[in-house]
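Take a look at the structure below.
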Amino acid sequence: FYKNLDKLIVFLKNAINEITDYKNIGKMKNKIEIIEQNLAESREKVKFQKDIYQNAIKLRTDSQREINELLTRKHMWTPTDLENFTKLYRSDHTNEKNVKNSSQELEEAEIELDANQKKLSKEILKRYHEEQIWSDKIRRVSSYGTFLLMLLNVMLFIMVQTIFEPLKRNKLINRFEERVKSIIQNIQNMYNENRST
């Protein structure tokens with residue numbers, strides 16, 4: 001009995017979910033989870049790109065500081081200073097390019113993060129709206145169910161009052177009449193017996 005009851009409950013639950021379109025809400029929930037994962041990855045990417053950008057800026061700033069220090073004492077340069085200046089000047093161009101590239105990559109990562117945040121907000125609002133619609137459908141189904149139960153109760157009451165009660169009453173009356181007739185017949189038989197004796 002309990003196995004059948006469990007199957008019936010699962011069947012009714014699935015039927016209600018099918019009628020009220022709860023499957024769409026489940027799909028939206030899964031979609032939101034995927035977007036949340038993408039958002040977390042985007043945040044990590046932005047953090048990573050910020051670190052790269054800050055390191056590139058620091059490297060360029062350090063390089064420029066060294067170039068400026070060398071330039072301030074240009075009149076006292078040694079061959080090593082000249083060699084350092086040449087290396088720093090060449091690397092400054094590379095550092096500038098790295099700063100520019102890392103800045104672009106950071107900007108792209110921030111744009112992607114912003115897009116994922118907007119997408120998540122949009123999907124959450126969409127899911128909220130669908131859940132409100134689903135909730136309204138459940139209330140309607142519940143109202144119809146309550147109405148049907150009330151209608152069934154009224155029909156049963158009318159059937160009991162118009163069909164079963166009169167049948168029961170007639171049966172009781174017939175039994176009572178038979179008993180009364182039986183008792184009267186017994187009394188009459190006894191009377192007849194007493195009279196004859």
Next item on the list: Measure the CD1-CG distance between I187 and N194 for me, rounded to the nearest 0.5 Å.
Entry: 12.0 Å
Check: Do L71 and F85 have side-chain heavy atoms sitting under 4.5 Å apart?
Finding: yes
Next item on the list: Please say whether more than 12 non-hydrogen atoms of neighbouring residues, nucleotides or ligands are located less than 6.0 Å from NZ in K45.
Entry: no
Notebook entry, point to check: Under the salt bridge (charged side-chain N to carboxylate O under 4.0 Å, His left out) criterion, do E131 and R127 qualify, and how do the steps go?
Noted result: CA-CA 6 Å; E131 283 180 344; R127 178 179 168 202; 3.1 Å; yes
Note to self: With side chain to side chain contact (heavy atoms under 4.5 Å, CB included) as the criterion, how do T94 and R90 come out once you've worked through the C-alpha distance, each side chain's angles and the decisive distance to 0.1 Å?
What the structure shows: CA-CA 7 Å; T94 306; R90 279 190 222 134; over 6 Å; no
Next item on the list: State, with a plain yes or no, whether a side-chain heavy atom of K168 is found less than 4.5 Å away from one of K171.
Entry: no
Note to self: Assess the residue pair E83 and K87 against the criterion (salt bridge (charged side-chain N to carboxylate O under 4.0 Å, His left out)); give the C-alpha distance rounded to whole Å, side-chain angles, the decisive distance to 0.1 Å, and a yes or no.
What the structure shows: CA-CA 6 Å; E83 191 177 308; K87 282 182 187 176; 3.7 Å; yes
Check: K126 versus H129: any side-chain heavy-atom pair under 4.5 Å?
Finding: no
Notebook entry, point to check: Would the number of heavy atoms belonging to other residues, nucleotides or ligands and lying under 6.0 Å from CD of E107 be above 12?
Noted result: no
Margin query: If hydrophobic clusters are built from ILVMFWY residues whose side chains come within less than 4.5 Å, do V160 and L167 share one?
Written below: yes
Notebook entry, point to check: What are the two closest non-hydrogen atoms of S102 and Q49, and how far apart are they?
Noted result: O-OE1, 4.4 Å
Note to self: Before you tell me yes or no, could you show the steps for N101 and Q104 under side chain to side chain contact (heavy atoms under 4.5 Å, CB included), namely the whole-Å CA-CA distance, both residues' side-chain angles and the distance that decides it to 0.1 Å?
What the structure shows: CA-CA 5 Å; N101 289 342; Q104 285 177 338; 4.0 Å; yes
Item checked: Pairing of K74 and D81 as salt bridge, 4.0 angstrom limit -> no
Notebook entry, point to check: Short question: side chain of S143, backbone of R139 - any donor-acceptor pair under 3.5 Å?
Noted result: yes
Checklist line | Flag, side chain of S182 to backbone of E178, donor-acceptor distance under 3.5 Å | finding: no
Note to self: How close do N116 and L39 get, counting heavy atoms only, and between which atoms?
What the structure shows: CB-CD1, 3.7 Å
Margin query: Rounded at 0.5 Å granularity, tell me how far CD in E123 sits from CD1 in I34.
Written below: 10.5 Å
Checklist line | D62 bridged to K58 by N-O distance under 4.0 Å | finding: yes
Notebook entry, point to check: Which atoms form the tightest heavy-atom contact between V99 and I57, and what is the distance?
Noted result: CG2-N, 3.8 Å
Next item on the list: Measure the CD-CG distance between E44 and L113 for me, rounded to the nearest 0.5 Å.
Entry: 11.0 Å
Margin query: Main chain of E110, side chain of D114: is a donor-acceptor contact present, judged purely on distance under 3.5 Å?
Written below: no
Next item on the list: Report the distance from atom CZ of F147 to atom CG of L149, rounding to the nearest 0.5 Å.
Entry: 11.0 Å
Next item on the list: State plainly whether one hydrophobic cluster holds both I124 and I35, where clusters connect Ile, Leu, Val, Met, Phe, Trp and Tyr through side-chain heavy atoms under 4.5 angstrom apart.
Entry: yes
Notebook entry, point to check: Sub-3.5 Å donor-acceptor pair from the side chain of W77 to the main-chain atoms of L70, do we have one?
Noted result: yes
Next item on the list: Flag yes if L59 and L106 sit in one hydrophobic cluster, no otherwise; membership is Ile, Leu, Val, Met, Phe, Trp, Tyr, and two members link when side-chain heavy atoms are under 4.5 Å apart.
Entry: no
Notebook entry, point to check: Which pair of heavy atoms, one from T86 and one from L82, lies closest together, and at what distance?
Noted result: OG1-O, 2.8 Å
Next item on the list: Establish whether L5 and F11 are linked, either directly or via other cluster members, by ILVMFWY side-chain heavy-atom contacts under 4.5 Å.
Entry: no
Notebook entry, point to check: Under 4.5 Å between any side-chain heavy atoms of N30 and E33, yes or no?
Noted result: yes
Next item on the list: Heavy atoms only: give me the nearest I25-E130 pair and the separation to one decimal.
Entry: CD1-O, 3.7 Å
Item checked: Option passing side chain to side chain contact (heavy atoms under 4.5 Å, CB included) with E66 (candidates D92, T61, L88) -> L88
Checklist line | Exercise: identify the closest heavy-atom pair between Q161 and E165 | finding: O-CB, 4.1 Å
Note to self: Return the CD1 to CG distance between I9 and N4, rounded to the nearest 0.5 Å.
What the structure shows: 11.0 Å
Item checked: Cluster overlap L156 with I158, hydrophobic side-chain contacts below 4.5 Å -> no
Margin query: Please check: side-chain N/O of S142 versus main-chain N/O of I138, any donor-acceptor pairing under 3.5 Å?
Written below: no
Next item on the list: Measure the NZ-CD1 distance between K47 and I52 for me, rounded to the nearest 0.5 Å.
Entry: 13.0 Å
Item checked: Flag, side chain of N95 to backbone of S91, donor-acceptor distance under 3.5 Å -> yes
